[in-house]
Amino acid sequence: MENPILEAKKELIQWIKEMDELEDIAELLELKEQKTSGNKVAEAQSEYIIKDDFDERFAKGIPHEEMKKRTFAFIESLPWKQ
């Protein structure tokens, strides 16, 4: 059994190969441009959605002394071989 998507693509390719009207081909090219340019715009806009909240995250972070204590405690808890 063949993949239905591949079958549909083959039908579309055959239909396009048989097209002789320049206007129809131009419409297909327009549709292609809309589909590909839509992705480019969406990707570029997604960059600006991300908020730079480094200062807020840094302020909520663990203080240096507390991290130092936790690190030493973790190292001491490891099963070191003698």
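To the nearest 0.5 Å, atom CZ of residue F74 and atom CZ of residue R70 are 13.0 Å apart. Separation of atoms OG1 (T71) and NE2 (H64) is listed at 9.0 Å; rounding is to 0.5 Å.
Not counting sequence neighbours, the partners of E27 by the side chain to side chain contact (heavy atoms under 4.5 Å, CB included) test are D24. Every residue two or more places apart in sequence or in another chain that forms a side chain to side chain contact (heavy atoms under 4.5 Å, CB included) with K17 is listed here: I13, Q14. In terms of the salt bridge (Lys or Arg N to Asp or Glu O under 4.0 Å) criterion, E30 has no residue partners (sequence neighbours excluded).
Minimum interatomic distance between I75 and W80 (heavy atoms only, all atoms of both residues): O-NE1, 2.8 Å. In plain terms, the two heavy atoms of I25 and M19 that are nearest each other are CG1-SD, 3.9 Å.
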Before giving the answer on salt bridge (Lys or Arg N to Asp or Glu O under 4.0 Å), spell out for K60 and E56 the whole-Å C-alpha distance, their side-chain angles and the decisive distance to 0.1 Å.
-> CA-CA 6 Å; K60 293 178 184 176; E56 292 172 21; 5.3 Å; no
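Residue L29 is grouped with residue I16 when hydrophobic side chains (ILVMFWY) are merged at heavy-atom distances under 4.5 angstrom, including chains of intermediate members.
Other residues, nucleotides and ligands place more than 12 heavy atoms under 6.0 Å from the CD atom of E66.
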